[in-house]
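Written out below as structure tokens is the structure these notes cover.
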Amino acid sequence: MSFKTDIEIAREAKKKPIMEIGANLGIPSEHLLPYGHDKAKVSQEFINSLDTREDGKLILVTAINPTPAGEGKTTTTVGLGDGLNKIGKNAVICIREASLGPNFGMKGGAAGGGYAQVVPMEEMNLHFTGDFHAITSAHNLLSAMIDNHIYWGNALEIDARRVVWRRVMDMNDRALRDTVTSLGGVANGFPRQTGFDITVASEVMAILCLAKDLEDLQSRLGDIVVAYTRERTPIYCRDIKADGAMTVLLKDAMQPNLVQTLENNPAFVHGGPFANIAHGCNSVIATRTALKLGDYVVTEAGFGADLGAEKFMNIKCRKAGIAPSAVVLVATVRAMKMNGGVAKADLGAENVEAVQKGCPNLGRHIANIKSFGVPVVVGINHFHSDTEAEIAAVQAYVAEQGAEAIVCKHWAHGSAGTEDLAKKVVEMVDSGSANFAPLYPDDMPLFEKVETIAKRIYHADAVIADKSVRAQLKTWEEQGYGHFPICMAKTQYSFSTDPNLRGAPTGHSVPVREVRLSAGAGFIVVICGEIMTMPGLPRTPAAENIRIGDAGHVEGLF
């Protein structure tokens with residue numbers, strides 16, 4: 001069978017003017033700042049006017065651990081939002097923006113797929129409204145001002161060996177992971193070892209996604225710890241006097257982006273921290289705006305539920321004072337077979353035994369989500385190669401876990417393929433059965449928080465950390481950061497830190513390589529195993545197939 005590509009489907013979309021999409025949500029045209037005819041930013045003034053409105057119900061879409069077979073979490077998020085609108089509900093979608101790094105690397109874009117997409121797909125997966133460029137510029141302005149301060153006499157007595165603020169760029173480039181700057185003589189400053197992270201791992205990205213307004217944004221930027229003196233006294237961004245200029249660079253990026261689905265339903269696309277190396281959720285300001293405008297808000301959290309959903313619950317919900325009413329856990333028959341040991345090339349053949357063997361990965365995610373006190377339903381993202389026997393095997397397994405699995409055909413049929421899921425979600429939400437609670441209290445010691453996540457979510461036996469790591473966490477507790485939540489940086493492919501260990505492993509340990517303080521964002525980043533905060537390109541990057549076609553259209557995006 002031959003299918004249209006995502007970009008072909010997106011190009012055929014019958015989009016409505018973005019002012020009409022906004023009007024349907026009750027946003028006056030004067031509060032929409034258009035970027036062309038099909039995307040716009042929503043003004044802070046309008047967002048402030050919504051404070052007294054009641055919130056709608058929040059629905060989180062998450063997934064099993066990703067496999068090369070594909071899971072379709074964003075596609076399901078869009079499909080569910082369309083499905084809810086199709087059954088007569090007032091639903092709004094909230095997803096993250098796409099990073100150029102994976103777009104030109106291996107993962108591709110982040111606008112959904114098939115007939116469950118957000119458009120304009122091409123712009124969303126490229127420069128969009130420039131938010132990521134603004135974040136990159138603000139981050140690197142601070143980097144430049146730190147080195148400039150040291151160059152012009154170093155009045156703050158920064159120890160150049162203890163500058164902890166790295167540079168960023170929104171591209172996968174392994175050559176920049178570790179660098180030496182300021183070579184070439186006295187005029188270029190003082191040489192020091194540093195490096196680059198990808199923009200989506202920037203604390204500035206996290207801050208923008210957690211800040212409630214520009215005042216909060218500047219306050220958080222000022223709280224960033226950029227370096228230490230020889231006496232280990234922290235130096236803050238506001239000490240460098242960069243927070244004001246950074247806020248200016250971010251003033252437009254702070255405003256949420258409004259776009260639409262292929263079925264002309266509203267979608268906020270704003271912010272984009274990765275879930276394997278950052279906190280993995282779209283912006284709080286977009287989510288809260290959507291909750292004021294819609295009766296149901298469908299949002300996603302990156303990668304598997306062990307990362308994105310855990311951080312959504314323990315970081316975003318805690319910081320924003322919100323709580324999900326239901327969770328949709330996305331799985332595929334193909335991914336179950338891969339977890340059951342089937343090679344990607346053999347996924348087209350029916351193999352019920354492999355499906356059953358791979359289901360424990362799904363089962364663990366179901367149990368983990370329930371541990372937060374939130375009801376869960378499994379959405380089986382349907383592929384044309386799935387057989388009835390394989391689907392029945394998944395549904396039977398999920399039933400044994402005390403949940404329901406519903407087949408979803410949104411990729412091929414749009415909202416018509418998610419009506420059953422939409423009805424089930426409404427039933428769950430309206431039942432009021434959610435009793436959400438984070439996994440750990442604020443006052444738990446930092447290392448115990450790490451252990452709690454590792455043991456209760458990853459099912460690890462132990463956390464392995466050098467004395468220096470434990471001592472650093474203790475120091476941060478003494479400095480007043482002990483109430484911060486934990487942001488685990490770990491491979492997305494496994495519950496463990498070994499990306500090749502699929503299924504539901506037990507008996508493993510979680511090695512902590514490094515810890516980083518994100519004082520402005522308000523969490524501690526714990527870097528585990530061999531995870532990198534600056535990814536590299538694969539042997540054959542997607543960029544090799546992206547080009548301008550004969551008709552002047554972009555080709556090769558996916």
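Keep in mind the model is a prediction, meaning the values are calculated, not measured.
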Looking only at the side chains, is there a donor atom on one of [X] and [Y] sitting less than 3.5 Å from an acceptor on the other?
X	Y	result
Asp82	Asn265	yes
Thr67	Glu71	yes
Gln44	Asn48	yes
Thr491	Asn276	no

message: Applying side-chain hydrogen bond (donor to acceptor under 3.5 Å, both in side chains), can you list everything that pairs with Asp170, at least two apart in sequence or on another chain?
response: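 Scan of Asp170 (side-chain hydrogen bond (donor to acceptor under 3.5 Å, both in side chains), adjacent residues dropped) gives Ser99.
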Partners passing side-chain hydrogen bond (donor to acceptor under 3.5 Å, both in side chains) against Asp306 (at least two apart in sequence or in another chain):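 For Asp306 the side-chain hydrogen bond (donor to acceptor under 3.5 Å, both in side chains) partners, ignoring immediate neighbours, are Asn65, Lys490.
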Quick check: do [X] and [Y] have side-chain heavy atoms less than 4.5 Å from each other?
X	Y	answer
Val42	Leu33	no
Thr533	Val525	no
Pro438	Phe372	no

query: How would you list all residue pairs meeting side chain to side chain donor-acceptor pair (under 3.5 Å) that involve residues 432-444, not counting sequence neighbours?
result: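 Matches after skipping sequence neighbours: Arg318-Asp442, Ser431-Ser433.
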query: Is any NZ, NE, NH1 or NH2 atom of the basic residue among Asp216 and Arg220 found under 4.0 Å from an Asp or Glu carboxylate oxygen of the other?
result: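 Salt bridge flag = yes for Arg220 with Asp216.
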message: Any carboxylate oxygen within less than 4.0 angstrom of a Lys/Arg side-chain nitrogen, looking at Arg11 and Glu122?
response: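 The answer is yes: the pair qualifies as a salt bridge.
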Taking all heavy atoms of [X] and all of [Y], pick out the closest pair and write down the distance.
X	Y	result
Ser518	Phe484	O-CE2, 3.8 Å
Met313	Pro324	SD-CG, 3.8 Å
Val407	Gln395	CG2-NE2, 3.9 Å

field: Set of residues satisfying ring pair (Phe, Tyr, Trp, His ring centres under 6.0 Å) with respect to His483, sequence neighbours excluded
entry: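 Checked His483 against ring pair (Phe, Tyr, Trp, His ring centres under 6.0 Å); zero matches.
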message: Run the ring pair (Phe, Tyr, Trp, His ring centres under 6.0 Å) test against Tyr236 and tell me which residues pass, sequence neighbours left out.
response: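 Checked Tyr236 against ring pair (Phe, Tyr, Trp, His ring centres under 6.0 Å); zero matches.
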Under the 3.5 angstrom rule, does the side chain of [X] hit a backbone N or O of [Y] as a donor-acceptor pair?
X	Y	result
Gln260	Lys15	no
Lys41	Pro256	no
Asp223	Ala519	no
Glu20	Pro17	no

- request: Measure from the ring center of Phe495 to the ring center of His365 and say whether it is less than 6.0 Å.
  value: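 Phe495 vs His365: aromatic centres under 6.0 Å.
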message: Thr5: which residues meet the side-chain contact (heavy atoms from CB on, under 4.5 Å) condition with it, sequence neighbours left out?
response: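 Result, side-chain contact (heavy atoms from CB on, under 4.5 Å) vs Thr5: Ile7, Glu8.
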- prompt: What do the steps show when you test Leu262 against Ile9 for side chain to side chain contact (heavy atoms under 4.5 Å, CB included), and what is the final call?
  reply: CA-CA 9 Å; Leu262 292 175; Ile9 294 170; 3.8 Å; yes
field: Check against side chain to side chain contact (heavy atoms under 4.5 Å, CB included), Met205 and Phe132
entry: CA-CA 8 Å; Met205 172 68 82; Phe132 279 27; 3.4 Å; yes
